[in-house]
Amino acid sequence: MRTFSTVEGLPVISLSTAGECGHVLDLLYENGCVTGFLIDPKGWFQKHLFLPVSHVASIGSDGVMIKDTNVLKPYSTKDKEAFPLKNGKRRLQGIALLTAEGEKLGLLEDVYFLEEVGTIVGYEVTEGLVADLVEGRRVVKSNSKLTIAAGRAILTE
């Protein structure tokens with residue numbers, strides 16, 4: 001199990017060439033699973049790339065390993081339905097997380113996922129800086145579907 005905050009910024013390295021392809025910029029989420037990662041490629045004026053989670057060979061503390069660079073595809077927000085965690089207008093980070101019963105759990109800060117299959121197994125929530133300092137952040141473990149709309153996310157069965 002891993003959180004996105006431990007993957008963010010890691011270099012993406014090809015096992016076939018030992019070359020660095022870029023850095024992990026964001027996580028993309030859809031229907032309770034991590035669909036892949038948004039990659040910021042090396043070089044100026046390069047468009048972001050999409051790395052499907054199914055093509056990740058392994059994730060270590062110092063890099064995300066892929067078998068070959070041909071698994072990286074150009075990313076366009078126009079043809080993707082997945083929600084980014086940190087970047088963009090449809091981002092998940094910072095939106096209110098509620099239960100199906102209407103209880104606010106806090107603001108979504110990070111996600112816990114199984115790196116082998118991309119299944120999200122929990123959410124890290126915050127109630128603000130002061131609460132984080134006094135109590136720490138809470139982890140909400142859940143296999144429930146996350147319904148997202150209008151600046152809020154609801155855990156549903």
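What you are looking at is a predicted structure, and each value in this text was computed from that prediction instead of being measured. Throughout, residue positions are numbered sequentially from 1 according to the sequence presented.
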From CA spacing to verdict: side-chain contact (heavy atoms from CB on, under 4.5 Å), Tyr123, Leu97
CA-CA 9 Å; Tyr123 303 93; Leu97 182 64; 4.0 Å; yes
Determine whether Phe4 and Val24 satisfy the following criterion, side-chain contact (heavy atoms from CB on, under 4.5 Å), listing intermediate values before the conclusion.
CA-CA 10 Å; Phe4 173 67; Val24 176; 3.8 Å; yes
Going through the checks in order, is the side-chain contact (heavy atoms from CB on, under 4.5 Å) test met by Leu146 and Thr156?
CA-CA 6 Å; Leu146 196 65; Thr156 58; over 6 Å; no
Set out, in order, the CA-CA distance, both residues' side-chain angles and the distance that settles side-chain contact (heavy atoms from CB on, under 4.5 Å) for Leu28 and Phe37, then state yes or no.
CA-CA 6 Å; Leu28 298 171; Phe37 299 102; over 6 Å; no
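Residues Ala96 and Lys104 come closest through the heavy atom pair CB-CE, 4.0 Å. Residue Leu107 comes nearest to Gly94 through the heavy atom pair CD2-O, 3.7 Å, listed as atom of the first residue, atom of the second, then distance.
No side-chain heavy atom of Tyr112 sits under 4.5 Å from any side-chain heavy atom of Ile120.
Each of Leu25 and Ile13 belongs to its own hydrophobic cluster when Ile, Leu, Val, Met, Phe, Trp and Tyr are linked at side-chain heavy-atom distances under 4.5 angstrom. Following chains of ILVMFWY side-chain contacts shorter than 4.5 Å, one cannot reach Ile95 starting from Leu98, and the two form parts of different hydrophobic clusters. Using a 4.5 Å cut-off between side-chain heavy atoms of Ile, Leu, Val, Met, Phe, Trp and Tyr, with links allowed through other members, Ile154 and Tyr29 fall into different hydrophobic clusters.
Listed by chain and number, the residues in a side chain to side chain contact (heavy atoms under 4.5 Å, CB included) with Glu103 are Thr99, Leu105 (sequence neighbours excluded). Qualifying side chain to side chain donor-acceptor pair (under 3.5 Å) partners for Asp40, counting only residues two or more places apart in sequence or in other chains: none. Partners of Arg2 under the side chain to side chain donor-acceptor pair (under 3.5 Å) rule, at least two apart in sequence or in another chain, are Glu115. Residues meeting the side chain to side chain contact (heavy atoms under 4.5 Å, CB included) test with Leu49, sequence neighbours left out: Ile39, Pro41, Leu72.
Atoms CD and CG, from Glu101 and Leu155 in turn, are 9.5 Å apart once rounded to the nearest 0.5 Å. Here the CG-OH distance, from Leu51 to Tyr75, works out to 13.0 Å after rounding to the nearest 0.5 Å. Atom CD in Glu20 sits 13.0 Å away from atom OG1 in Thr69 (nearest 0.5 Å).
When atom types are taken as modelled, the side chain of Gln93 and the backbone of Glu109 share a donor-acceptor pair closer than 3.5 angstrom. In this structure, Asp110 contributes its side chain and Glu124 its backbone to no donor-acceptor pair below 3.5 Å.
Residue pairs meeting the salt bridge (Lys or Arg N to Asp or Glu O under 4.0 Å) criterion with at least one member in residues 5-16, sequence neighbours excluded: Glu8-Lys86.
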Could you list the donor-acceptor pairs under 3.5 angstrom formed between side-chain atoms of residues 54-68 and any protein atom two or more places apart in sequence or on another chain?
| unit_1 | atom_1 | unit_2 | atom_2 | d |
| --- | --- | --- | --- | --- |
| Asp68 | OD1 | Ser16 | OG | 3.4 |

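Across Leu27, Thr3, Leu92, a single residue satisfies side-chain contact (heavy atoms from CB on, under 4.5 Å) together with Val111, and that is Leu27.
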